[in-house]
Colleague: 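Questions regarding the structure given below will be posed in turn.
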Amino acid sequence: MIFTAPMIRRSSQGFPRAADQALQRFLQSTLTTPLNRLSEASASASTAFTATQDEQSTTLQLDVPGLSREQLQLRLEGAQVHLTSVEGAPRKVQRSWELGHEIDVAASSAKLENGVLTLRLAKLAAVDKAVTLHIE
């Protein structure tokens, strides 16, 4: 009978193992926020979009070839944008984004031209809700 001590395998020179590095890359790509938490959970590979942001607004450009504006439904809720295609549309679109700012619906616009939907989503200006009371 031969007894051996258990062997503990350690990476040499303190470098993380390849599996650890792969996990770190996955978590970094999943948890990074390219545009203040844009939600890619409902993204499909066939629907590409670009996003730009300035001081007044965020602009999203989305390719939706073959769809008319009557076949698209856009819903804005606070800082969230939901885009879906209606029943009977030639292709299904279901996308959601969450922006890092509240959306000013009155100053925002949507335009569909040559199969490209352009959403200009204005930032809602912060409103001072402080009230001054006069002392009698």
Side-chain angles (χ1 to χ4, degrees):
M1 223 179 202
I2 300 175
F3 294 145
T4 61
M7 297 175 71
I8 299 174
R9 185 176 179 186
R10 296 179 191 221
S11 60
S12 63
Q13 301 173 347
F15 293 116
R17 293 184 183 167
D20 294 337
Q21 291 175 336
L23 178 63
Q24 287 176 353
R25 281 193 308 271
F26 170 75
L27 291 175
Q28 287 175 347
S29 67
T30 303
L31 299 177
T32 54
T33 55
L35 186 60
N36 297 330
R37 298 180 318 224
L38 277 177
S39 174
E40 288 298 321
S42 65
S44 64
S46 64
T47 314
F49 78 95
T50 58
T52 57
Q53 189 173 18
D54 60 20
E55 291 139 9
Q56 291 87 20
S57 66
T58 299
T59 302
L60 298 174
Q61 288 186 325
L62 177 73
D63 294 331
V64 288
L67 294 176
S68 66
R69 62 180 176 204
E70 292 82 17
Q71 296 170 329
L72 292 171
Q73 189 175 44
L74 183 64
R75 192 178 72 213
L76 304 175
E77 295 178 25
Q80 296 180 350
V81 181
H82 304 283
L83 177 68
T84 56
S85 56
V86 297
E87 191 76 24
R91 54 185 292 231
K92 184 176 180 179
V93 175
Q94 186 173 4
R95 300 290 304 260
S96 294
W97 297 271
E98 184 175 354
L99 305 179
H101 60 82
E102 296 287 318
I103 300 168
D104 185 0
V105 178
S108 297
S109 64
K111 181 179 179 182
L112 180 63
E113 189 174 273
N114 297 328
V116 177
L117 179 64
T118 303
L119 305 174
R120 187 186 164 281
L121 306 166
K123 292 182 181 181
L124 186 63
V127 177
D128 186 15
K129 296 182 180 181
V131 178
T132 304
L133 294 176
H134 296 286
I135 301 173
E136 294 183 23

Colleague: Do Trp97 and Leu62 touch side chain to side chain, with heavy atoms closer than 4.5 Å?
Modeller: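 Trp97 reaches Leu62 side chain to side chain.
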
Colleague: List, one per line, each side-chain donor-acceptor pair under 3.5 Å for residues 78-85, sequence neighbours excluded.
Modeller:
unit_1: Gln80; atom_1: OE1; unit_2: His82; atom_2: NE2; d: 3.3
unit_1: His82; atom_1: ND1; unit_2: Ser96; atom_2: OG; d: 3.0
unit_1: Ser85; atom_1: OG; unit_2: Arg91; atom_2: O; d: 3.3
unit_1: Ser85; atom_1: OG; unit_2: Val93; atom_2: N; d: 2.9

Colleague: Only pairs under 3.5 Å count here: list side-chain donor-acceptor contacts from residues 106-118, not counting sequence neighbours, and write none if there are none.
Modeller:
unit_1: Ser108; atom_1: OG; unit_2: Asp104; atom_2: O; d: 2.7
unit_1: Ser108; atom_1: OG; unit_2: Ala122; atom_2: N; d: 3.0

Colleague: Between side-chain atoms of residues 65-77 and protein atoms elsewhere (two or more places apart, or another chain), which donor-acceptor pairs fall under 3.5 Å?
Modeller:
unit_1: Ser68; atom_1: OG; unit_2: Glu70; atom_2: OE1; d: 3.2
unit_1: Gln71; atom_1: OE1; unit_2: Ser68; atom_2: N; d: 2.9
unit_1: Arg75; atom_1: NE; unit_2: Glu77; atom_2: OE2; d: 2.7
unit_1: Arg75; atom_1: NH2; unit_2: Glu77; atom_2: OE2; d: 3.2

Colleague: Could you grab the distance from atom CG of Leu60 to atom CD of Gln53, nearest 0.5 Å is fine?
Modeller: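 The CG atom of Leu60 sits 9.5 Å away from the CD atom of Gln53.
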
Colleague: Please round to the nearest 0.5 Å and tell me the distance separating atom CD of Glu102 and atom NZ of Lys123.
Modeller: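 Spacing of CD (Glu102) from NZ (Lys123) equals 12.5 Å.
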
Colleague: Could you measure the distance from the OG1 atom of Thr52 to the CZ atom of Arg120? Nearest 0.5 Å is fine.
Modeller: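 Spacing of OG1 (Thr52) from CZ (Arg120) equals 10.5 Å.
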
Colleague: Do Leu119 and Leu124 sit in one hydrophobic cluster, given that two such residues count as connected whenever their side-chain heavy atoms are within less than 4.5 Å of each other, even indirectly?
Modeller: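 The answer is no; the residues belong to distinct hydrophobic clusters.
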
